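Below: the structure, in structure tokens.
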Amino acid sequence: MKRSILYVLLVFSCILLFICCGKDKVYQERITFENNTWNRLEGNKTITFKDIEISDTSCLYDFYVTIRHTPYINEGRVKFLMKIIYPSGIVRESIYNVGLKSADNTKWSGDAMGDLIDVEQRCRAFVSLPEKGNYTITLTNLGTYAKTVGIMDIGVLIKKSNMKEYKN
């Protein structure tokens, strides 16, 4: 009898832990590039992340961009235009640069494992999303070259903001 109660409590604890972990992550999606190439002039120059459901308008949100690339990438920074399109059609846009190497250009900024380097950078912090519904985010390549070669995928991650960080 005690054993079955202990087992039920253990299962319940695991389920509760699973539900509570990651509750700050609202959205995450990645788009993979064919031939590890993101075009600037034609084709896939703008990538779109659709149906980003926001139901809690009382929270503030942080927007991250994730980039997976090879060590053979032809850019030192990935420059892009980010548009956040509200359910009502309002558009907010900003230009960002994600550095791929350290300031002294000696090591990769992200986590390197063999020929894969993963970079995650917060682009917007403490953003208010006042409308309930589905948002859309687009990223448009503004790089130096006609093609950013060596970029495997790019993604968007949205988390609820850490309010302790906001107040400090």
Side-chain angles (χ1 to χ4, degrees), residues 17-18 20-54 56 59-86 91-129 134-168:
L17 182 65
F18 178 73
C20 292
C21 289
K23 65 183 176 185
D24 291 340
K25 187 188 318 181
V26 175
Y27 176 85
Q28 184 171 18
E29 188 68 41
R30 297 175 86 97
I31 293 177
T32 302
F33 294 113
E34 254 184 67
N35 301 320
N36 295 341
T37 302
W38 189 15
N39 294 314
R40 181 176 60 88
L41 301 175
E42 57 188 35
N44 66 347
K45 70 180 182 179
T46 298
I47 55 174
T48 304
F49 301 88
K50 294 182 179 182
D51 298 326
I52 302 168
E53 172 127 11
I54 300 297
D56 188 352
C59 288
L60 297 176
Y61 297 92
D62 294 343
F63 289 73
Y64 295 79
V65 169
T66 60
I67 297 171
R68 177 170 287 155
H69 65 91
T70 70
Y72 312 107
I73 193 162
N74 65 340
E75 299 268 11
R77 305 182 76 65
V78 175
K79 185 177 181 180
F80 57 90
L81 171 71
M82 175 190 281
K83 289 185 183 179
I84 301 171
I85 305 163
Y86 289 54
V91 177
R92 302 284 184 245
E93 58 184 48
S94 300
I95 295 174
Y96 297 97
N97 280 290
V98 175
L100 304 178
K101 287 206 164 187
S102 61
D104 62 1
N105 217 24
T106 59
K107 62 180 182 174
W108 296 109
S109 294
D111 297 325
M113 181 177 245
D115 281 348
L116 297 177
I117 298 105
D118 288 323
V119 177
E120 179 179 290
Q121 182 173 314
R122 183 169 64 178
C123 293
R124 303 219 34 201
F126 309 110
V127 176
S128 172
L129 298 175
N134 289 328
Y135 287 72
T136 299
I137 295 177
T138 65
L139 304 178
T140 302
N141 187 349
L142 300 178
T144 308
Y145 302 106
K147 297 179 181 195
T148 304
V149 178
I151 189 166
M152 301 171 77
D153 65 49
I154 193 164
V156 169
L157 169 63
I158 302 172
K159 296 179 182 178
K160 289 184 180 178
S161 297
N162 178 353
M163 295 314 292
K164 290 179 186 174
E165 183 183 324
Y166 181 70
K167 293 175 183 174
N168 291 333

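A quick note: this is a predicted structure, and the numbers were derived from the prediction, not measured.
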Rounded distance (nearest 0.5 Å) linking atom CD1 of I154 with atom OG1 of T66: 7.0 Å
More than 12 heavy atoms from other groups under 6.0 Å of CG on D111: no
Minimal non-hydrogen separation, R40 against Y145, with atom names: NE-O, 2.9 Å
Atom pair OG1 (T37) and CD1 (I73), whose distance is rounded to the nearest 0.5 Å: 9.5 Å
Polar side-chain atom of N74 near backbone of V149 as donor-acceptor pair, under 3.5 Å: yes
Minimum-distance pair of heavy atoms, taken over all atoms of P71 and I117: N-CD1, 3.6 Å
Aromatic ring pairing W38/F80, orientation class (parallel under 30°, perpendicular over 60°, tilted between): tilted
D62 side, atom CG; S161 side, atom OG - distance, nearest 0.5 Å: 3.5 Å
Distance in Å, L60 CG paired with N162 CG, rounded so as to fall on 0.5 Å steps: 11.0 Å
Heavy-atom pair with the smallest gap, counting every atom of F63 and L129: CZ-CD1, 4.0 Å
Flag, side chain of N44 to backbone of N39, donor-acceptor distance under 3.5 Å: yes
Step-by-step side chain to side chain contact (heavy atoms under 4.5 Å, CB included) determination, L139 to F49: CA-CA 9 Å; L139 304 178; F49 301 88; 3.9 Å; yes
Approximate separation, where rounding is to 0.5 Å, of H69 NE2 and M152 CE: 10.5 Å
Donor-acceptor pair between T70 and N36 side chains, under 3.5 angstrom: no
Step-by-step salt bridge (Lys or Arg N to Asp or Glu O under 4.0 Å) determination, K160 to D24: CA-CA 5 Å; K160 289 184 180 178; D24 291 340; 6.0 Å; no
Distance, nearest 0.5 Å, that separates CG of L142 from OG1 of T148: 9.5 Å
Closest contact, heavy atoms only, L157 versus E120: CD2-OE1, 3.7 Å
